Protein chains: 2
Amino acid sequence: MGEKDNLSLATILADRGVRLTRQRRIVLDLLDNSTTHLNATNLLALAREQDERINRATVYRTVNTLKRAGLIDELDLLHMEGEQHYYERRKASDHVHICCKSCGRVQELETELVAQLADAIFKQTGFLTSGIRIEARAKCPDCLATAEAAASTGDSDHE
Amino acid sequence: MGEKDNLSLATILADRGVRLTRQRRIVLDLLDNSTTHLNATNLLALAREQDERINRATVYRTVNTLKRAGLIDELDLLHMEGEQHYYERRKASDHVHICCKSCGRVQELETELVAQLADAIFKQTGFLTSGIRIEARAKCPDCLATAEAAASTGDSDHE
DNA sequence: CTTCCTGCAAACCTTTTGCATGCCT
DNA sequence: AGGCATGCAAAAGGTTTGCAGGAAG
């Protein structure tokens, strides 16, 4: 497991006999190379920088293909910026998404606790897990510092 | 922490000086007493059994009030049945939601791993967590048994 | 009596779909 | 050449909002 992590989505799809169009290649590349989590709107905007003509429907259709193929996962990052869904390449193991409720920054964390969780789920409920989505609402170090500074000047730290 | 778990939502809101209308009481009671996870559609339908006149907008507005007050949490149960959001009373500690991808059954699990996760997040990233949403895609024991039976008769177990 | 909530309807936002055309293999 | 993907526009699904009237404190 995980030996294909460095293959591009395009390569993987080609191997599976999926037709690769100009539009799909653009979206796949974006998902391969993005460092942030992209939603459909972002994807469309970025894709249009490369091809003015590309349509919203194509972005959604491509993303759905990838979801069904198990190559990307869908997140909502706790709806901190609206109702859109975010997409990321599926990695070898599930990880935690930590969202700063003050500045919106999203940090990822890999920890063996996730695997332990899957084990505990099976042992305690009999449910066999095939994927876990974990999203934490949090305050990032920077925003914590800011809040502390504000507190020491008498301001209250409202959620 | 947790000493108010047995107070009704209505009581808590009243304590906070929130106006309690007939409509709100109905929605609050439903959220207090439901054993399953309710979405806006369910809530509206159930509320209408008690008061034919109650409107969708009122349900949404009540739910939003509760969300902002931190009294309920919003889930999407991995979008296994559409894009609606589900609501549940916030409990003393976060727990895991396990969704059977075959039959749709949702099981909850409390485990100290969740608190460990929050600790690990803080120690390893400096993000201070105030709530974690965990949703696992899984197969429940019944559906596992069914799949096994099917497999032994030659059927394949397709995701 | 005032404030805030409600119902209604329309708007809004995100995602999906039907259809005619165009492109990949 | 054939089949599948695309663009377009319209529809669908879910949630929010403006406004006039009504109920709660």
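Owing to the predicted nature of the structure, the values given are computational and were not obtained by experimental measurement. Convention: sequence-line order gives letters A, B, ...; per-chain numbering from 1.
- Relative ring orientation between A/His97 and A/His37 is described as perpendicular, the plane-to-plane angle rising above 60° on a 0-90° scale split at 30° and 60°.
- Of the two residues contacting DNA chain D, namely B/Tyr87 and B/Arg25, the nearest-nucleotide position lying further toward the 5' end is that of B/Tyr87.
- For B/His85 and C/dT15, the NE2 to P distance is 10 Å, given to the nearest whole Å.
- Heavy atoms of B/Asn64 sit under 4.0 angstrom from primed sugar atoms or phosphate atoms, though from no base atom.
- Heavy-atom contacts from other residues, nucleotides or ligands closer than 6.0 Å to CZ of B/Arg56 number 12 or fewer.
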(request) Going 5' to 3' through nucleotides 4-10 of chain D, assign each nucleotide B (protein heavy atom under 4.0 Å from a base atom), S (under 4.0 Å only from sugar-phosphate atoms) or - (no protein heavy atom that close). (result) BSBBB--

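- At distances below 3.5 Å, at least one donor-acceptor pair connects side-chain atoms of B/Glu135 with backbone N or O atoms of B/Leu77.
- A straight line from CZ of B/Arg16 to P of D/dA24 spans 22 Å, rounded to a whole angstrom.
- Nucleotide C/dT14 holds its P atom 11 Å from the CG atom of A/Asn42, rounded to whole Å.
- Rounded to whole Å, the distance from CG on A/Asn39 to P on C/dC13 is 14 Å.
- In this structure, the nucleotide among D/dT15, C/dT14, C/dT25 sitting nearest to the side chain of A/Leu20 is C/dT25.
- Side-chain atoms of B/Thr125 come within 3.5 Å of backbone N or O of B/Ile121 as a donor-acceptor pair.
- In this structure, the side chain of B/Asn42 engages the main chain of B/Asn39 through a donor-acceptor pair within 3.5 Å.
- In this structure, A/Asp76 atom CG and C/dT15 atom C1' are separated by 15 Å, rounded to whole Å.
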(request) Let me see the working for A/His85 and A/Lys67 under side chain to side chain contact (heavy atoms under 4.5 Å, CB included), right down to the final yes or no. (result) CA-CA 12 Å; A/His85 300 145; A/Lys67 265 197 298 186; 5.6 Å; no

(message) salt bridge (Lys or Arg N to Asp or Glu O under 4.0 Å), that's the test. Do B/Asp76 and A/Arg133 meet it? Break it down for me.
(response) CA-CA 11 Å; B/Asp76 63 26; A/Arg133 194 173 68 180; 2.6 Å; yes

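- The distance from atom CD of B/Glu81 to atom C1' of D/dG14 is 15 Å, rounded to the nearest whole Å.
- Distance OH (B/Tyr60) to C1' (C/dA10): 15 Å, rounded to an integer number of Å.
- The CD-C1' distance, from A/Glu83 to C/dT16, rounds to 17 Å in whole Å.
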